[in-house]
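In what follows, chains carry the letters A, B, and so on, assigned in the order in which the sequence lines appear, proteins first and then strands, with residues in each chain numbered from 1. On a predicted model such as this, the values are computed, not experimentally measured, just so you know.
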Protein chains: 2
Amino acid sequence: MTELATTGTDLPRLRELNSLSIVRALRDHPPSTVTELSQRTGLSRPAVDVIAQGLVSDGWATVLEPGASSAVGRPARRYQFRAGAGHVIGVDVGVHKILALLADLDGNIVHTVRQAVSAEAEPAERLAVLDDVLDACVAGSGKSAADIWAVTAAVTGAVDASGRTSFFTPLPGWKSVDLAAHLGHRFSCPIVVENDCKLAALAEKWQGVARDADDIVYLLAGMRNGAGLIIDGVLRRGFGGAAGEIGALKHVRWLNAPEHLQNCPGVPDTVSPDDAAAWVFNAARDGDKAARGAVNRYVKDLAVGAAALVLTLDPQVVVFGGGFSRSADLVLDPLRHELQRLCLRMPDVRASTLGADSVALGALKLSLNEVDTRLFSAGLSAPVAPRRQ
Amino acid sequence: MTELATTGTDLPRLRELNSLSIVRALRDHPPSTVTELSQRTGLSRPAVDVIAQGLVSDGWATVLEPGASSAVGRPARRYQFRAGAGHVIGVDVGVHKILALLADLDGNIVHTVRQAVSAEAEPAERLAVLDDVLDACVAGSGKSAADIWAVTAAVTGAVDASGRTSFFTPLPGWKSVDLAAHLGHRFSCPIVVENDCKLAALAEKWQGVARDADDIVYLLAGMRNGAGLIIDGVLRRGFGGAAGEIGALKHVRWLNAPEHLQNCPGVPDTVSPDDAAAWVFNAARDGDKAARGAVNRYVKDLAVGAAALVLTLDPQVVVFGGGFSRSADLVLDPLRHELQRLCLRMPDVRASTLGADSVALGALKLSLNEVDTRLFSAGLSAPVAPRRQ
DNA sequence: CGCAATACGCTTTGATCTTTACAAAATCGT
DNA sequence: ACGATTTTGTAAAGATCAAAGCGTATTGCG
């Protein structure tokens with residue numbers, strides 16, 4: 001059911017609605033003429049004209065005076081959404097690295113800053129690196145913190161409504177960190193903290209292999225397994241933010257699954273525990289019997305949890321992402337085979353192509369969604385950075 | 001994000017929007033004065049006045065001339081949504097019975113017809129009984145088939161997009177039945193076929209114990225276990241209609257769970273297999289050791305599947321429904337205990353109170369939703385029964 | 001150079017909501 | 001009983017907005 005305004009609509013609101021309609025028609029399109037916009041929205045040409053001029057004077061759009069025209073007739077002015085009117089940030093506070101992306105309102109990435117951090121770093125140190133990265137990202141793009149319209153931070157572990165990771169997190173001492181409050185000292189715009197798996201799922205729907213799907217189960221496969229769920233085109237957090245945490249169920253052996261790789265016989269002592277999985281995948285690719293067995297046992301355990309998610313949600317697509325997605329060539333076919341055996345209706349199984357940046361990319365997308373929500377609910381006055389509350 | 005009309009809005013559409021706004025303000029409220037509606041919608045009193053009169057002349061509302069007034073000032077005319085403008089049907093095509101409910105647009109049940117049918121009945125026989133029940137229901141309420149605006153039929157087994165139950169159904173020979181087509185010969189209005197667990201979940205959200213929740217896992221517990229999922233206030237079917245079918249996963253012992261009750265030692269030979277569970281529950285209530293053990297084993301197995309659903313979705317409420325919900329006094333506490341052990345965030349666990357009629361009630365609600373969707377998307381002309389396509 | 005095609009900008013018209021004003025109908029106070 | 005008060009119903013005026021129509025500007029083609 002289309003959600004209609006429950007409140008009555010008067011004329012100014014009508015104008016606002018139509019302005020938003022024009023903004024929508026402007027976005028994700030090349031610079032458009034008034035006639036094109038008129039056809040796209042169903043509004044009359046004069047109406048589009050005055051609205052477009054209003055958008056230009058408000059700063060939401062820019063006008064391109066006609067240059068060399070290829071068509072017959074008088075060359076038309078073209079209007080363009082001013083994506084540079086605002087910027088948003090998505091930052092992945094990972095175990096080994098912190099990666100910040102800064103983009104305009106169209107999602108074009110303007111600046112990227114990445115910095116390594118020790119997995120054992122205390123919260124204070126990690127937060128200090130985060131601050132450095134954010135400062136560098138904002139400064140490097142020639143902006144100031146006041147120009148940022150939304151910030152989303154990705155962390156591991158289930159994030160509750162208040163932005164805390166109280167249930168579980170592998171980051172040492174992180175349970176007591178109030179990341180949203182910390183970021184709030186630096187930015188006055190809305191701040192969102194979200195789980196990394198969920199954000200990676202969002203990225204796959206936005207720019208990844210699941211663009212065509214509205215029901216998606218995203219598997220973040222690495223030394224830890226996680227999942228992100230998109231249902232009916234919307235990222236679902238669950239009532240307490242703990243949706244997708246099927247790994248907590250012992251009957252589903254997600255916690256043990258990566259151990260098959262880590263404890264695979266034949267891994268040389270010179271290989272560090274963090275790189276063991278990569279070694280095993282390579283060995284399996286070379287035909288090593290023991291490595292192949294370990295991969296198979298890994299996939300068998302992974303598939304049980306995936307099957308639980310698939311049977312619960314009946315998604316269109318399952319995306320195999322995370323660090324192990326580089327070895328999708330070894331995993332995908334046996335995973336499909338296992339799922340076929342365990343599931344009622346077989347979903348499409350695809351390997352992620354976004355790589356390790358997908359988490360930050362998803363954070364960026366959530367920031368953009370946050371801006372859109374405010375835009376399309378609060379109406380559009382002049383383009384300025386929104387303030388929290 | 002609130003879904004706004006992507007197309008431009010002109011003046012007639014504005015009037016339509018406001019008319020819908022008034023209809024919304026009228027529904028689920030006692031007969032209202034123009035002033036009340038004005039406050040509820042934010043529209044001015046004269047605007048509400050003309051719209052309300054338009055609704056009356058269209059047949060969407062009735063006017064109550066002022067009677068004995070209790071307040072000071074001139075007594076106001078009162079407007080009321082004409083729930084009797086249309087009627088919908090929800091019918092449960094169960095294994096043992098067929099139950100049809102006919103209600104007006106407010107969901108007030110006008111007529112009920114129930115008829116038993118053998119569990120082994122062939123499709124032709126079952127469809128004949130269904131036809132009889134529907135005829136009796138329509139005729140008994142003084143209506144004709146043309147007065148019905150939507151029909152929803154509940155069946156067991158996953159229902160795909162075309163209304164078939166191709167994956168699985170316990171009804172003999174039912175896989176090849178096209179129920180929607182069968183009903184289409186009798187009704188020209190929209191027809192929906194849906195899984196019984198999902199509809200029971202909808203009923204619990206509508207009129208049951210989960211009215212306050214937007215994220216619900218409904219367990220249909222009986223000799224067969226099923227589940228229905230409501231996420232963000234909306235019933236979710238999954239891409240292929242097979243959402244909630246966690247019972248298909250062997251690691252989750254849902255298929256075997258009821259066997260603990262059926263095979264409980266001590267059940268007299270005089271008790272039929274269908275009544276064995278009830279006997280065990282009663283014996284457990286009386287303190288029978290073996291029966292208590294069987295119930296505990298049953299709950300332990302049930303809880304694993306429930307935990308898989310809860311961990312996947314992180315719902316606010318888990319509703320224990322279905323035939324066994326009569327014995328909720330024995331199940332609820334151990335179920336809570338097991339879930340506490342298995343889950344990350346403990347949801348609220350509640351027993352259904354709607355009983356065996358919840359499936360038909362949910363079907364009724366889905367019919368009402370179907371009508372609402374058409375109403376609020378297609379706009380409201382005169383109230384007439386919609387036609388398919 | 002003239003004609004056709006297209007886009008632009010202005011004016012008029014019609015529809016809708018809001019504001020304001022005033023009459024009608026009931027209760028309350030004296 | 002009668003006027004004051006309060007609330008409702010209704011009408012008129014003002015404001016806003018989109019649609020329709022029409023003249024003008026600019027380009028391409030013959």
Side-chain angles (χ1 to χ4, degrees), chain A residues 4-23 25 30-58 61 63-80 379-381, chain B residues 5-22 25 31-58 61 63-80 379-380:
Chain A
L4 286 170
T6 174
T7 92
T9 308
D10 57 358
L11 278 313
R13 175 69 183 150
L14 175 63
R15 163 58 69 98
E16 201 168 56
L17 247 45
N18 282 340
S19 295
L20 286 169
S21 169
I22 297 291
V23 168
S32 311
T33 69
V34 172
T35 308
E36 285 167 3
L37 291 172
S38 167
Q39 288 166 352
R40 223 175 280 158
T41 58
L43 264 56
S44 74
R45 208 168 48 80
V48 173
D49 195 64
V50 295
I51 291 173
Q53 284 174 17
L55 289 175
V56 169
S57 65
D58 277 354
V63 58
L64 276 69
E65 288 304 333
S69 72
S70 59
V72 296
R74 175 173 173 175
R77 243 201 308 263
R78 291 184 174 271
Y79 291 92
Q80 186 175 23
L380 68 173
S381 44
Chain B
T6 175
T7 91
T9 309
D10 56 358
L11 279 313
R13 176 68 183 154
L14 176 63
R15 164 59 67 95
E16 201 168 56
L17 248 43
N18 283 338
S19 295
L20 287 170
S21 169
I22 297 289
S32 311
T33 69
V34 170
T35 308
E36 286 166 0
L37 291 173
S38 167
Q39 289 166 351
R40 224 175 280 158
T41 58
L43 265 57
S44 72
R45 209 159 50 81
V48 173
D49 195 64
V50 295
I51 292 173
Q53 285 176 17
L55 289 176
V56 170
S57 66
D58 276 355
V63 58
L64 277 69
E65 288 304 332
S69 71
S70 59
V72 61
R74 175 175 174 172
R77 252 201 301 262
R78 288 184 174 274
Y79 291 91
Q80 188 175 22
L380 67 175

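Closest to the side chain of A/V34, out of C/dC8, C/dT18, D/dA20, is C/dC8. Of the candidates C/dT20, C/dT16, D/dT27, the closest approach to any side-chain atom of B/L14 belongs to C/dT16. When the nucleotides C/dT18, D/dT8, C/dA7 are ranked by their closest atom to the side chain of A/A76, C/dA7 comes out on top. Between C/dA25, C/dT20, C/dC10, one nucleotide has an atom nearer to the side chain of A/P46 than all others, and that is C/dC10.
Annotation: of the two residues near DNA chain D, B/V72 and A/G42, the 5′-most nearest-nucleotide partner is B/V72.
A donor-acceptor contact shorter than 3.5 Å links the side chain of B/R40 to the backbone of B/A25. Judged purely by atom type and a 3.5 angstrom limit, A/Q53 has no side-chain atom pairing as donor or acceptor with the backbone of A/V50. Distance alone, capped at 3.5 Å, places no donor-acceptor pair between the B/T41 side chain and the B/S21 backbone.
If you take CG of B/L43 and C1' of C/dT18, they are 10 Å apart, rounded to a whole angstrom. In this entry the distance linking CG of A/L11 with C1' of C/dT16 reads 6 Å, nearest Å. Whole-Å rounding puts the B/D49 CG to D/dA12 P distance at 15 Å. What separates OH of B/Y79 from P of D/dG9 is a distance of 7 Å, to the nearest Å. With rounding to whole Å, B/L37 atom CG is found 11 Å from D/dT8 atom P. Following rounding to the nearest Å, B/R13 (CZ) and C/dT16 (P) show an atom-to-atom distance of 13 Å. Rounded to whole Å, atom C1' of D/dA25 lies 12 Å from atom CZ of A/R77. For the pair B/D10 CG and D/dT16 C1', the interatomic distance rounds to 15 Å; values are reported in whole Å.
Between the side chain of B/R45 and the base of D/dG9 there is at least one donor-acceptor pair of N/O atoms closer than 3.5 Å. One donor-acceptor pair, N or O on each side, does fall under 3.5 Å between the base of D/dT8 and the side chain of B/R74.
With respect to A/E36 and A/R78, a salt bridge is recorded, a charged nitrogen being found less than 4.0 Å from a carboxylate O.
For the atom pair CG (A/D49) and OG1 (A/T33), the distance works out to 11.0 Å, reported to the nearest 0.5 Å.
Contacts of B/T35 with the nucleic acid, taken as non-hydrogen atoms under 4.0 Å apart, involve only primed sugar atoms and P, OP1 or OP2.
A sub-4.0 Å separation between OP1 or OP2 of C/dC17 and a side-chain N or O of B/S44 is absent. A sub-4.0 Å separation between OP1 or OP2 of D/dT16 and a side-chain N or O of A/R15 is absent. Within the structure, a side-chain polar atom (N or O) of B/Q53 is placed less than 4.0 Å from OP1 or OP2 of D/dT10. Distances shown here put a side-chain N or O of A/N18 below 4.0 Å from the OP1 or OP2 atom of D/dA18.
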